[in-house]
There are 2 protein chains.
Amino acid sequence: MLFSKTCEYGIRAAVYIASQHDKDYKIGITEICEKIEAPRHFTAKILQILTREGLVSSQKGVNGGFFMDEEQMNRPLIALVEAVEGTEALSRCGLGLRACSEKEPCPLHNKYKAIRTNIASMLTGITIGDMAKKLQKGSSFLKIA
Amino acid sequence: MLFSKTCEYGIRAAVYIASQHDKDYKIGITEICEKIEAPRHFTAKILQILTREGLVSSQKGVNGGFFMDEEQMNRPLIALVEAVEGTEALSRCGLGLRACSEKEPCPLHNKYKAIRTNIASMLTGITIGDMAKKLQKGSSFLKIA
DNA sequence: TAAATAAAAGATGTTTTTGTCCTTTATTGC
DNA sequence: GCAATAAAGGACAAAAACATCTTTTATTTA
């Protein structure tokens, strides 16, 4: 509902990569997609975007793969969501009205604005690294079913 | 982001119908779609759903059209959203994990749960009639652009 | 330098969502 | 009863999202 599939896979992939940060090898797309149970080629495309945007690093060739440094792990989740969904996605009118504003609000404007603020603060208040840490601690999971 | 187009058009149509509640005639699909600037045939389909679910009333034939009674106007917005998106739409895991639960939470679970609660209370705390009233008062609008 | 490897890139295919069109059914007013 | 009207319903079409497959490019290591 809140995130597209693209965004879901992107978050799961990034969090998994971050969770392997202490490993001494880079993580291949095959391992990533097995672990997060996501479609391989589609997820590869999404990782291309994240790599292009600098949210994830990659290396081609033998022993290549994906990885993240400390700085990348410290990026808030909102950076990833905006990279994937576009920056305006989080500020659109709930009823799809371009004209919706403080001056000409839609009938849901004020309530929706509060929700948007909540969403933004959720996404700003957590980093990829934070999420990875939960995974490592075993206090959260990426299991599908 | 939060609502599908189907849902957006459905809300706008229902709110417009409700806002015409005091009129002595029923509202035709043509008028509705002009006023809410929504695609005519698509919106007609959505109104079929809302009518089937009893959220809106309709009458065929000469001088027929759509209308809502007091009881329908008092339905919370969440009833409409659930009719259109399905009842589970509002309770799915943010990262798309079926297994996500209190016992096996995804790394976003707790924060996302809070958002979902906010969304649910927004949708429960406002009725179609409330939204229509804002329109009538001129304190809010359904203008696209 | 050559072979192997793994991501990047581009083309293509499928499914879902969004949107249109045409026929049928119910209702009204004459 | 008949013509007109308006929603209901079904078939179809376009666009977007989701997903796959193949080729290219960069890198490593033997």
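Numbered from 1 within each chain, the chains take letters A, B, ... in sequence-line order.
For the OP1/OP2 pair of C/dT18 and a distance below 4.0 Å, the side-chain nitrogens and oxygens of B/Thr6 include at least one atom meeting the criterion. Residue B/Gln59 has a polar side-chain atom (N or O) positioned under 4.0 Å from OP1 or OP2 of C/dT28. At D/dC18, none of the side-chain N or O atoms of A/Tyr9 fall inside 4.0 Å of OP1 or OP2 (strictly under the cut-off). The side chain of B/Ser58 contributes no N or O atom lying less than 4.0 Å from OP1 or OP2 of D/dA6.
Residue A/Leu55 is tested with A/Met73, A/Met68, A/Arg75 for a side chain to side chain contact (heavy atoms under 4.5 Å, CB included); the sole match is A/Arg75.
Rounding to whole angstrom units, NZ of residue A/Lys45 and P of D/dT24 are separated by 14 Å. If you measure from atom CZ of B/Phe67 to atom P of C/dT27, you get 11 Å, rounded to the nearest angstrom. Between A/Glu8 atom CD and D/dC18 atom C1' the separation is 12 Å, expressed in whole Å. Residue A/Asn63 contributes atom CG, which lies 15 Å from atom P of C/dA4 at whole-angstrom precision. Between the P atom of C/dA26 and the NZ atom of B/Lys26 lies a distance of 18 Å, rounded to the nearest Å. Counting to the nearest Å, the P atom of D/dA16 and the CD atom of A/Glu85 are 16 Å from each other. Straight-line distance from the CD1 atom of A/Ile17 to the C1' atom of C/dA7: 12 Å, rounded to whole Å. Atom NZ in A/Lys60 sits about 17 Å away from atom P in D/dT23, given to the nearest Å.
Here the CZ atom belonging to B/Arg92 is positioned 11.5 Å from the CZ atom belonging to B/Arg98, to the nearest 0.5 angstrom.
We find that A/Glu102 and A/Lys113 are joined by a salt bridge, their nearest charged nitrogen and carboxylate oxygen being less than 4.0 Å apart.
Side-chain contact between A/Val15 and B/Leu108 is absent, with no heavy atoms from C-beta onward closer than 4.5 Å.
Between C/dC21, D/dA19, C/dA9, one nucleotide has an atom nearer to the side chain of A/Arg52 than all others, and that is C/dA9. Here C/dG19 is the nucleotide among D/dC18, D/dA19, C/dG19 with the atom lying nearest to any side-chain atom of B/Pro39. Checking D/dT27, D/dG9, D/dT20 against every side-chain atom of A/Phe42, the shortest atom distance belongs to D/dT20. Closest to the B/Lys5 side chain, of the nucleotides C/dA11, D/dA19, C/dG19, is C/dG19. The listed nucleotides are D/dC18, D/dT27, D/dG10; the one nearest the side chain of A/Val62 is D/dT27.
Classified by interplanar angle (parallel below 30°, tilted 30° to 60°, perpendicular above 60°), the ring pair A/Tyr9/A/Phe42 is perpendicular.
The nearest heavy atom of DNA chain D to A/Ser4 and to B/Gly28 marks one nucleotide each, and the one closer to the 5' end goes with B/Gly28.
Counting atom types as modelled, B/Gln48 pairs no side-chain N or O with a base atom of D/dA7 as donor and acceptor under 3.5 Å.
Across all strands, B/Thr51 comes closer than 4.0 Å only to sugar-phosphate atoms, never to a base (heavy-atom distances). As judged by a 4.0 angstrom heavy-atom cut-off over every strand, B/Ile49 is placed among residues making no nucleic acid contact.
B/Thr30 and B/Arg40 share a donor-acceptor pair across their side chains, judged by distance under 3.5 Å alone.
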